[in-house]
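Single-structure report; data block below.
By convention in this document, chain letters (A, B, ...) are assigned in the order of the sequence lines, proteins followed by strands, and residues within each chain are numbered from 1.
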Amino acid sequence: MSEVNPSPEYLERLRHSTAHIMAYAVQQLFPNGEHTVKLAIGPPIENEFYYDMEVPRPITPDDFPEIEKHMKAMIKSNVPFEQETWTFDAARTWFAERNQTFKLELIDGISDKDVSASDEGVAEEGVSIYHNGDFTDLCKGPHIDKTGECRHFKLLRVSGAYWRGDSNREQLQRIYGTAWSTREDLRTYLRQREEAAKRDHRKLGRELELFQMHPESPGSVFWLPKGAFIYNHLSEKVRKLNLDEGYHEVRTPLIYDSSLWQTSGHWEHFKEDMFLIDNEDGEPTCALKPMNCPAHMLIYKSKRHSYRDLPYRIHDQGVLHRNEATGTLSGLSRVRQLCQDDAHNFVTEDQIAEEYERILGLFERIYGTFDLPFRCDFSTRNPDKYMGDIEVWNRAEDILESVLKNNQIDYTVDPGEAAFYGPKLDFQIRDSLNRDVQCATVQLDFQLPERFDLIYIAPDGSEKRPVVIHRAICGSFERFIAMLIEHYAGAFPMWLSPIQCVVMTISQKFVDYATEVQNLLLKLNCRVVLDNSDDKIGAKIRQARLQRVPYMLIIGERERDNRTVSVRSREEGDIGAMTLDSFTEKIRDEIDIDF
RNA sequence: GCUGACGUGGCUCAAUGGUAGAGCAAGUGAUUUGUAAUCACUAGGUUGGAGGUUCGAUUCCUCUCGUCAGCUCCA
């Protein structure tokens, strides 16, 4: 039976089991379903589950009621989940009779393994099979006891997914659903999703007039005045922080001859994703930069560097263009034109550790300011695909790991996921829909210094190869702002709010005093606007609240006569009248901050 | 790029083969207001674009562009 405080492990079993029930229900949708619906895999995922299958026609959300009906029927019958072990031959025969080619492929995969190594759930001499009622599936389990436990579920969405995640193979239909042990938990989860959708940055971006997109330039952002303010303000703060930390800021071209991209290796790997410029013969000869590093290599190389110059740090917020595939574009999170708080730090091998410490210090300054929780993926060397000296790699990876530990950063290791030219740290933040969004990245690079033949002069006068650290703290400002919008649900902290105060009059009679208040605040570099329209005060407040303005200053007869303002704060509501001095004192520290 | 869904005034949505409608926003006028929407009037759409079927298309079909959910990719 369902548990009151279900363990994560129980919920996984529950969701996995619900996926089986759903697969059965989809089979019921089609005549001869067991033979025409080809099942692939159906695992539980965080909070949800899915099942991938090949079906005679695409499933749409319109099919959900019918699928759910069949699911409920099986749940109501409360049949048990029962495990059996079949021999490979028996399983092959059974699934072949039912035309379940994906399952046959899975069985082959299992039989190829050394089964004596007792892979979990895989029997020594065969495969694990689960039945629930009339439904039979190849599955290592585990499952719950009876279908009746899966009462609290809902189908959510449908999409395509490639068999085995390979875009060269069959594309299947994936149906997502969610399942919980109680009705309340299900409701809570669905409500959370609705709440999250309300803070979707695309929706808020439109409502708060921060930015817009147009089909005339898909994937590139039109920043409206308020959004542009946030963008520029943020970029300015980051720029200042980098200058304080010893970075040299540069500005570099957008367009480069293809030879540069050949040198850097991008031509070979990423030509398809670059915006190219053709000559008269239609041959691409130039490209818009998708990243800044080659430009910075040229700058480094333009003079001889002593070990005394290192670390040499170049910061660049240049405009980048990446011709992302159409299907991947998404709001501000995945765009074709972007700027990063990009930097390249040229260091000696001995300086790697300290430089990483310093970079993580920047993280704490910036992410701490926004109170953003992040975690880190540490991608290590792929044994089959790496360049450079294995000793250097090992040392570098040890350094990165110890830096993560020293700074008590929550990280997971992705073995073999590093690029061939160096190990990397990717910093992830959760967006409002609980999706991981990658922002920052810190990557060690042994390759570009080779390709560009970079050197520095060591104390003994010999020429040595520096190491390059690619780093961005915010990552793309576009994506970072998307995340901030959702993190704050549009209610930016005072220092980042495009409008910090609205002075609003009770009636036209008080415009003079209201203007005086406005001018006084303007002198303090407060971003303040005056609402002297004919609307009633309630309407003005509503308007300002919808725009998430931090402070509303209400000016009527009392305020004018006493030379005060009545303050309504975004967070606390009406906080009463105060003198102008006490208000300016109150906001003095909020108006502006540095990282 | 792939699969699917969607695209109607600035925004949110209605109209299912028969002259496209509402609310909000906008404009004008009235009102001069005390903490989340004052009232009235006016204007605004060849229904993303192109082709087709039909006496007639927002509605059906094809192509195309864009958006969204995912998948693949992500220097």
What distance, rounded to whole Å, do you find between the two P atoms, one in U47(B) and one in G52(B)? 16 Å
Among A75(B), G34(B), A69(B), the one nearest any side-chain atom of S566(A) is G34(B)
Over 12 non-hydrogen atoms of neighbours within 6.0 angstrom of NZ in K154(A): no
Report yes if a side-chain nitrogen or oxygen of R568(A) is closer than 4.0 Å to either non-bridging phosphate oxygen (OP1 or OP2) of A36(B); otherwise report no. yes
Counting only N and O atoms by type, is there a donor-acceptor contact under 3.5 Å from the side chain of R560(A) to the main-chain atoms of Y513(A)? no
Using the benzene-type ring in the case of Trp, are the ring centres of F363(A) and F427(A) under 6.0 Å apart? yes
Taking the six-membered ring for Trp, is the centroid-to-centroid distance between F446(A) and Y421(A) below 6.0 Å? no
Could you tell me how far U8(B) sits from A22(B) if I compare only their C1' atoms? Round to whole Å. 13 Å
Using a heavy-atom cut-off of under 4.0 Å over every strand shown, decide if E557(A) touches base, sugar-phosphate, or nothing. base
U16(B) to U32(B) separation - P atoms, rounded to the nearest Å: 46 Å
Kindly say whether, by distance alone, the side chain of R542(A) makes a donor-acceptor pair under 3.5 Å with the base of A37(B)? yes
Under 4.0 Å between any heavy atoms, over every strand shown, what does Y176(A) touch: base, sugar-phosphate, or nothing? Just pick one. sugar-phosphate
Would you mind classifying the nucleic acid contact of I537(A) as base, sugar-phosphate or nothing, using non-hydrogen atoms under 4.0 angstrom? sugar-phosphate
Between G1(B), U38(B), A69(B), which nucleotide has the shortest distance from any of its atoms to the side chain of D535(A)? U38(B)
What contact category does S264(A) fall into here, base, sugar-phosphate, or nothing, at under 4.0 angstrom with non-hydrogen atoms? nothing
Taking NZ, NE, NH1 and NH2 as the nitrogens, is one of them in K198(A) or E195(A) under 4.0 Å from a carboxylate oxygen of the other? yes
Taking the side chain of P218(A) as heavy atoms from C-beta outward, which of U32(B), U67(B), G34(B) is closest to it? U67(B)
Name the nucleic acid region contacted by A539(A), choosing base, sugar-phosphate or nothing; use a 4.0 angstrom heavy-atom cut-off, strictly under. sugar-phosphate
Where do R193(A) and E48(A) land on the salt bridge (Lys or Arg N to Asp or Glu O under 4.0 Å) test, with the steps shown first? CA-CA 12 Å; R193(A) 282 170 49 91; E48(A) 303 181 356; 3.5 Å; yes
Is the backbone of P253(A) close enough, under 3.5 Å, to the side chain of K289(A) for a donor and an acceptor to pair up by distance? yes
hbond_proxy R334(A) side chain to C74(B) base (donor-acceptor, 3.5 Å cutoff): yes
Listed nucleotide nearest any side-chain atom of S507(A), set A69(B), U33(B), C11(B): U33(B)
Could you check which of U67(B), G70(B), C68(B) has an atom nearest any side-chain atom of R174(A)? G70(B)
Check: G70(B) base within 3.5 Å donor-acceptor of Y162(A) side chain: no
Looking for any heavy atom pair under 4.0 Å, which part of the strands does F420(A) touch: base, sugar-phosphate only, or nothing? nothing
Which nucleotide in U35(B), U67(B), C74(B) has an atom nearest any side-chain atom of R322(A): C74(B)
Counting only distance, no hydrogens or angles, is the base of G10(B) paired donor-acceptor with the side chain of Q212(A) under 3.5 Å? no
For G573(A), report the nucleic acid contact type (base, sugar-phosphate, nothing); a contact means any heavy atom under 4.0 Å. nothing
So, OP1 or OP2 of C6(B): does either fall under 4.0 Å of a side-chain N or O from R157(A)? no
What's L172(A) touching, base or sugar-phosphate or nothing? Going by heavy atoms closer than 4.0 Å. nothing
So G538(A), base contact, sugar-phosphate only, or nothing? Heavy-atom distance under 4.0 Å. sugar-phosphate
Taking only the side-chain nitrogens and oxygens of S159(A), find out if one of them lies under 4.0 Å from OP1 or OP2 of U3(B). no
Measuring only the P atom in each nucleotide, how far is C61(B) from G10(B)? A whole number of Å is fine. 27 Å
Does G331(A) reach a base, just sugar-phosphate, or nothing at all? Heavy atoms under 4.0 Å. sugar-phosphate
Hey, does H269(A) reach any base, or is it just sugar-phosphate, or nothing, if we go heavy atoms under 4.0 Å? nothing
G23(B) to G18(B) separation - C1' atoms, rounded to the nearest Å: 27 Å
Measuring only the P atom in each nucleotide, how far is A75(B) from C63(B)? A whole number of Å is fine. 34 Å
Side chain of K509(A) only, please: which of C74(B), U32(B), A69(B) is the nearest? U32(B)
Of all the choices, G34(B), G4(B), C74(B), which nucleotide is nearest to the side chain of P58(A) once you look at every atom? G4(B)
Could you check whether E559(A) gets within reach of a base, just the sugar-phosphate, or nothing at all, counting any heavy atom under 4.0 Å? base
Among the nucleotides U72(B), A69(B), A36(B), which one has an atom lying closest to any side-chain atom of T328(A)? U72(B)
Please state whether the phosphate of U12(B), meaning OP1 or OP2, lies under 4.0 angstrom from any side-chain nitrogen or oxygen of R206(A). yes
